[in-house]
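Each chain gets a letter, A, B and so on, in the order the sequences are listed, and its residues count up from 1.
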Amino acid sequence: MAGQSTYVPKTGFTRWLDARLPILRLVSDTLTTYPTPKNLNFWYTFGGILAFMLGVQIVTGIVLAMHYVPSADLAFQSVEQRIMREVNYGWLIRYIHANGASMFFLAVYIHIFRGLYYGSYKAPREVIWLLGVLIYILMMATAFFGYVLPWGQMSFWGATVITSLFSALDQVIPHLGSAITTWLWGDFAVGDATLNRFFSLHYLVPFIIAGVVALHIWALHVPGNNNPLGIDVKGPQDTVPFHPYYTVKDAFYLALFVLVYAAIVFYAPNFFGNPDNYIQANPLVTPTDIVPEWYLLPFYAMLRSVPQKLIGVLVLVASLATLVFVPWLDTSKTRSCRFRPIMKQLFWLFAADCVLLGYVGAQTADAAWHLGDITLPLVWLARLGTLYYFAFFWVLMPLIGWFERAKPLPESIAQPVLAKV
Amino acid sequence: MAIAASPEPTRRDFLYIATGAAATVGAAFAAWPFLDQMNPSSAVLAMASIEVSLAGIEPGQQVVFKWRGHPLFVRRRTPKEIAQSRAVPVSELIDPLAENANLPDSAPATDANRATKPEWLVVVGVCTHLGCTPTVSTPQNPQGDYGGWLCHCHGSQYDVAGRVRKGPAPRNLAVPVYAFTGPNKIKVG
Amino acid sequence: MRFAFPLAGVVLSLMGIAVAQDLSQPVPPKPMNWSFEGPFGTYDRGALQRGFQVYKEVCSACHSLNMVAFSDLAAPGGPGFSEAQAKVIAAGYKIPAEPNDRGEIFDANGNRLTRPGVLADHFPPPFANEQAARAANGGALPPDLSLIVKAREGGPDYVYSILTGFVKPPHGFKVQEGKYYNEHFAGRNISMPPPLNNGSVTFSDGTPSTIDNEARSIVTFLAWASEPNLEARHSIGLQVIAFLVLLCGLLFLSYRRIWHGGRQDAAARDRPGSTTEKH
């Protein structure tokens, strides 16, 4: 917790350094002696995994930038010829970086859902949650910019579709939307000017993310970690020092995560990708299906579920803005869904809803299920899914908090053997 | 419950040491591709060797090619130039070593060690002082006092075997790895 | 598991039959087995060399292979030509030359000056630019083949299916002017004329030059062109996974040791109220 440094420098050098720049004290307080609830489970290891993935993406990205050329004429060739074929291990670093984005988002979704389930966003941890929402939005921006860089068909057309969303503002103030898109593009359409600036921003934003992550961890260390029971730490009997207990636990689960990551990189490196992106960008030929990467699909589905362009954009913005209000939308006094039987069900329904939205997002806009004589356009599933998404946060979270009777909470974390709910 | 801590590494410690060692070794192997990617790529290495045609080069003439980003001087020497060059004792030279990548490092800078086929001199056109490109001396346009090259940057002078005769350059012009692949063709690099 | 493939085959065939009735949709690609599929897949050297022959003698008339260099033919994980053989292959190609001493790039007859290829060169394209390619192909642009296997849904199965999909159109199907019927191509009208016939290529290793063999060879070659590092990727991958399994094992044991102590701590662990009890 804040304000209780127990670090004592042992050698002359460490005493000298501590008096000038207490960096070893910082490491000791945050990574070594930091008291952590002793009941954290597997779902709590993804914060560390995310920090690792940010490092991996930055390192592989900087290395790729040594060979990549951000010019519309040369970008595709610099990736598919120079990096993938000529640079020593270029193919490996590219596959690590491209699949790293998917692994990064996989980890962040698990991390977010863990926070939702155990009530980690509730007082006094609201700011941690808000910083997390900011990190998530910055990640989506980074991934969007990064996907444009190989300058394949999907890079180009995905950029065109998403940046064109701003033109919806023309309905609010005439010409405003077009002015914004022209300003974003630096041209009358996505082109070389757009690519160059996206490269610059793609390099920049991860370092902004790193800064916000530092704030996120700092904000966490003020109240300390939440835990699966959702009850506060009462004393040292409830905690263990971060090292060696959680360093080894995080290391083990990180190694497992990397094992899955390696299996994808070495044996299915194009599993998450789209074949159309192996075709060089052609402004005159639109691919039959423009789809973003899987981690953006739920939002894509929500956007497309609304026929009117401006409202669709507002729904998309609202879906992200909603996350900001979560700490105040949930009125329950109980943190963890382990003791909230109704909320638990609604949570899993929400998770299933996100998967459903993701599935619909991957289909063509006019896709439909044919069940016997009935034809069900998938856009109706997307509408249903979008409705539940907003209802979960704006209707259910506030209401259930009032009406739900939570199960009795255990006395403390250290209390022996409480049957897991 | 008092179990005295043993001073020698126990089986427990061995596990941690083994784990730490495995992680370190893994990290080292993982680091290698990130270092190796900065080495010249296969496209760069493909240009590391060039085949140069000697056809059409007259005696007394120099042709400049580009090799590994540097100028490559190929000079067809006249019999007079060869004889002149052979007459120079190695002891008079600023740099007594042949600086010929095809020969051992200790080979002396005799004319024969500079041009195995005496008619053809192949040297890298980079002044050994600070890297400028020396200007070739021709009968119509003499450069320097030795009939070879003059480097206009700081005044170094080379003879017709590319050996430095007046400083500040410390060493003879480098003879790269090359071999004749035909009567009129050499492969350099 | 034994029934998985036959079952998949039956299902896909039924799907194929069902979809085949919908003539606006292409027939899904034929499911194939390739030597390079699976975690231990490698390229069949013979197929790669035969495929190269097919590319050279058939496909290169219209399709470029811009990203493949002649030196790749001798690289590990590839067709396995020796460097000397690759040099000979390269020298057989005419590469547009740099301007001569007079600054010319055309000869007296207006032909582009060329020089023999070297290992560092890439396969030269059959047409100087996109417009020339379209003019020679009825307005259609034959795509570059360097990445074709990765650039199509269905990968090698799709490319193989296209090459072998030039069957007779079903009764009543109207083939568009200037196009050909291909049951696996979207819209079933493809601009490319059937490129392969029985005996199109005479394989030097004596493999019968049926359309099927020619297609299998060229698809293997094109798969390699799209993914030349596949064998290195699989081989390094095996070492990495093996190492990670070992590391996970060591970390798991360390984790258990730290959290739940050694044998001598077992009694202490199970005592009520101890600090390392799980919840």
Side-chain angles (χ1 to χ4, degrees), chain A residues 37-39 41 76-77 80-82 84-86 89-92 95 152-153 227-229 236-240 243-245 247-256 258-263 265-270 273-280 285 288 410 413-418 420, chain C residues 38-41 66-69 71-72 75 122 130 141 143-144 146-155 158 186 225-230 232-241 243-259 271-279:
Chain A
K38 57 185 177 179
N39 60 336
N41 59 23
F76 187 79
Q77 190 187 358
E80 293 302 335
Q81 186 176 302
R82 190 191 292 189
M84 291 298 286
R85 294 161 195 266
E86 296 169 2
Y89 296 105
W91 55 270
L92 177 61
Y95 278 149
Q153 274 287 67
N227 66 86
L229 297 177
Q237 72 279 11
D238 289 340
T239 65
V240 288
H243 178 71
Y245 290 94
T247 42
V248 75
K249 186 165 186 168
D250 280 353
F252 169 61
Y253 284 108
L254 175 63
L256 271 185
V258 171
L259 185 63
V260 171
Y261 184 14
V265 164
F266 287 101
Y267 296 110
N270 292 298
N274 190 310
D276 275 340
N277 228 29
Y278 278 108
I279 303 171
Q280 190 162 358
V285 174
T288 41
I413 293 170
Q415 192 184 34
V417 188
L418 199 75
K420 213 166 73 136
Chain C
F40 306 106
N66 293 331
M67 294 192 179
V68 180
S71 58
D72 294 338
H122 288 230
E130 180 181 328
L141 178 65
D144 180 87
S146 310
L147 289 166
I148 198 78
V149 166
K150 287 202 289 196
R152 295 291 183 272
E153 193 71 50
Y158 173 81
S226 293
E227 192 83 354
N229 295 299
L230 176 135
R233 172 159 60 80
H234 284 175
S235 142
I236 297 174
L238 188 61
Q239 297 169 56
V240 169
I241 302 283
F243 166 78
L244 284 172
V245 168
L246 172 73
L247 184 67
C248 282
L250 288 172
L251 281 168
F252 178 68
L253 291 174
S254 303
Y255 159 63
R256 254 215 345 223
R257 185 64 62 83
I258 287 172
W259 277 84
R271 244 194 294 119
S274 75
T275 56
T276 55
E277 239 180 294
K278 268 205 318 203
H279 289 280

Quiz item: Atom CG in C/Leu147, atom CG in A/Asn277: separation rounded to 0.5 Å?
Solution: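 If I round to the nearest 0.5 Å, the distance is 11.0 Å.
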
| request: Enter the distance from C/Leu238:CG to A/Phe266:CZ here, rounded to the nearest 0.5 Å. | output: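 It comes to 10.5 Å.
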
Please find the pair of heavy atoms, one from [X] and one from [Y], that lie closest to each other, and give the distance.
X        : Y        : value
A/Arg85  : C/Ser146 : NH2-O, 3.2 Å
A/Ala263 : C/Ile241 : N-CD1, 3.7 Å
A/Tyr245 : C/Ile258 : CE2-O, 3.4 Å
C/Asn229 : A/Met84  : ND2-O, 2.9 Å
C/Met67  : A/Gln77  : CE-CA, 4.4 Å

| Note, A/Val248 side chain near C/Trp259 side chain (heavy atom, < 4.5 Å) |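 Yes, their side chains come closer than 4.5 Å.
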
Does C/Glu153 reach the side chain of A/Thr288, with side-chain heavy atoms less than 4.5 Å apart?
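Side-chain contact under 4.5 Å: no.
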
Toward chain A, the part of [X] with a non-hydrogen atom under 4.5 Å:
X        : result
C/Ala232 : both
C/Leu230 : neither
C/Pro228 : side chain
C/Asp144 : neither

Q. So which of C/Ala186, C/Gly41, C/Gly237 has the biggest tally of heavy-atom pairs under 4.5 Å with chain A?
A.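 Winner by heavy-atom pair count: C/Gly237.
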
Pick from C/His234, C/His122, C/Arg256, C/Arg233: which one has the most heavy-atom pairs with chain A under 4.5 Å?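 Going by pairs under 4.5 Å, I would pick C/Arg233.
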
#### Entry: Non-neighbouring partners of C/Asp72 that pass side chain to side chain donor-acceptor pair (under 3.5 Å), sequence neighbours left out
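Checked C/Asp72 against side chain to side chain donor-acceptor pair (under 3.5 Å); zero matches.
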
What do the steps show when you test A/Tyr89 against C/Ile236 for side-chain contact (heavy atoms from CB on, under 4.5 Å), and what is the final call? CA-CA 11 Å; A/Tyr89 296 105; C/Ile236 297 174; 3.9 Å; yes

- Message: Can you tell me which residue among A/Leu256, A/Val260, A/Val258 is in a side chain to side chain contact (heavy atoms under 4.5 Å, CB included) with C/Leu244?
- Response: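 Running side chain to side chain contact (heavy atoms under 4.5 Å, CB included) over A/Leu256, A/Val260, A/Val258 with C/Leu244 returns exactly one hit, A/Val258.
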
- Contact part of A/Gln280 toward chain C, heavy-atom cut-off under 4.5 Å: side chain, backbone, both or neither?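 For A/Gln280, there is no contact with chain C at all, as no heavy atom is under 4.5 Å.
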
Inset, instruction - Determine the interplanar angle of the C/Tyr255 and A/Phe252 rings, folded into 0 to 90°, and report it as parallel if under 30°, tilted if 30 to 60°, perpendicular if over 60°. - result: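 Taking A/Phe252 first and then C/Tyr255, their aromatic rings lie parallel (interplane angle under 30°).
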
- chain C interface, residue from A/Pro228, A/Ala268, A/Pro269 that has the most non-hydrogen pairs under 4.5 Å: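 Between A/Pro228, A/Ala268, A/Pro269, the count favours A/Pro269.
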
